[in-house]
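What follows is a single structure, written as structure tokens, with notes after it.
Side-chain atoms are counted along with the backbone in the values below, which use heavy atoms only and exclude waters and symmetry mates. Order of appearance sets the numbers: ligands from 1, and atoms from 1 within every ligand.
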Amino acid sequence: MIPVEPVMGTRDFYPEDMRARNWLFGHFKEVARRFAFQEYDAPVLEHEELYKRKAGGEEITQQMYNFVDKSGYAVTLRPEMTPTLARMILGDPTTKMILPVKWFSLPQCWRFETTQRGRKREHYQWNMDIVGVKSITAEVELLAAITTFFTRVGITAKDVGIKVNSRKVMASILKAQGISEQQFAPVCVVVDKLDKIGPEEVTKELVQLGVSEKTAGTIIETMSARSVEELSTIAEGADQEGLDELKELFVQAEAYGYGDFMQFDASVVRGLAYYTGIVFECFDRSGELRAICGGGRYDRLLSLYGSKQEASEVPCVGFGFGDCVIMELLQMKNLLPDFPQLTDFVVAAFSKDMLPNALTVAAKLREAGATVDMQVELKKKVGQTFDYANRVGAQYVALVAPDEWDKNMVRVKDLRMEDKEANQKDIPLDKLHEWRTF
Ligand SMILES: Nc1ccc(Br)nc1
């Protein structure tokens, strides 16, 4: 017997699961469409070197689902989509990439989670990125897309919040503390774990990175700032431009109508080494779930990849929005609709010699846009046809029988009409295309 369950940490999507996934992705895609983003895609298999980042310590690169293929080439299942976007921008064959570029994708992303954690190894992650815009209106646009999605599915600012911070300000504070540029990304990766491992452990790991205990203390203290104003007072050397951008971001968010979702939080740094400016993450206010989505500005990724071609700094902002936490949240809030199997028609032949006529009826209905479940094998009793029709969620049963056929008619029963007397009528063949008005 072959294993019938999916590989460890992966999920099958049976039809009912697929209906829920298509509903979720339908909202992602509709929001992206309204924001005039273009969809792109790329192979799940990527060059491993895309993720080799000097910062080290990033969970996302430590857990890569990587291997050497039969040609000896180092590849990996992609752990995230942003490096692929950067590769595609740099490798754009048309070189007509007119900036700004606004792209979205719904890639499946992978990690090789050690089995004892028993966590998932794959998820689908809605990505939206704006390439070529320096101003924070790019961040504001992406946050507007996220909050538009929340509003569409019935999630409000009472259910979730968005914590916003600036790594640019953090970088200036660290610089004032004598931390080098090279240390900045690894320090952020460590500091991102503050909630999980606590200040003592963070201090220990920062000291291992060469940060003094005193500076580690200052960093952790700075992260407790509860407002941009407070940050600018307690943090020496805080970058004024970074502080101004944070303030402007909140002003523009109010103008866009989603200010209620937003809050400054100096402890948010996100765990990806390549962020350089604004960073943000959405959380559920009940505190029960992990981050719903997250993102930020990464202005140096393309020049890092394209340094050979001396690619000048190309400003980028993006977010990733996984398919799992959001579904848990929607479940918790009773906001998930039902996803029953539905079809418009079951078409059944009354007898063997009526089967060709039944196929003609099915073709006519499909031509007119109806979904038709053609009963391809005769049932002994017509009751079996109605049982099947109810099971597949059909609205109508079209029974193709000789008496009506001789009058160029088809008997159609509406299964959703209560009144059993009025729920069937004989439809002329040349009126089948008007099925929506039956
Ligand atoms: N990066 C990543 C990939 C796959 C899952 Br599940 N979570 C995070």
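Among all protein heavy atoms, the one lying closest to atom 7 (N) of ligand 1 is Arg111 NH1, 3.4 Å.
The environment of Glu39 atom CD is dense: over 12 non-hydrogen atoms of other residues, nucleotides or ligands sit within 6.0 angstrom.
Judged by a 6.0 Å distance limit and a 45° cone about the ring axis, Arg21 is positioned over the six-membered ring of Phe13. A cation-pi contact links Lys163 to Phe283, judged by a cut-off of 6.0 Å to the six-membered ring centre and 45° from its axis.
Listed by number with element, the atoms of ligand 1 under 4.0 Å from a non-hydrogen atom of Ile60 are 1 (N). Near Glu122, meaning under 4.0 Å from one of its heavy atoms, ligand 1 places the atoms 6 (Br). Each of the atoms 3 (C), 4 (C) of ligand 1 lies under 4.0 Å from some heavy atom of Cys109.
Looking at heavy atoms from C-beta onward, Ile155 lies in side-chain contact with Ile326 at the 4.5 angstrom threshold.
Between Pro79 and ligand 1, an N or O atom pair is found at a separation short of 3.5 Å.
If you look at Glu80 next to ligand 1, there are no close heavy atoms at all, none under 4.0 Å.
Phe438 and Leu432 get closest at one heavy-atom pair: CZ-O, 3.8 Å.
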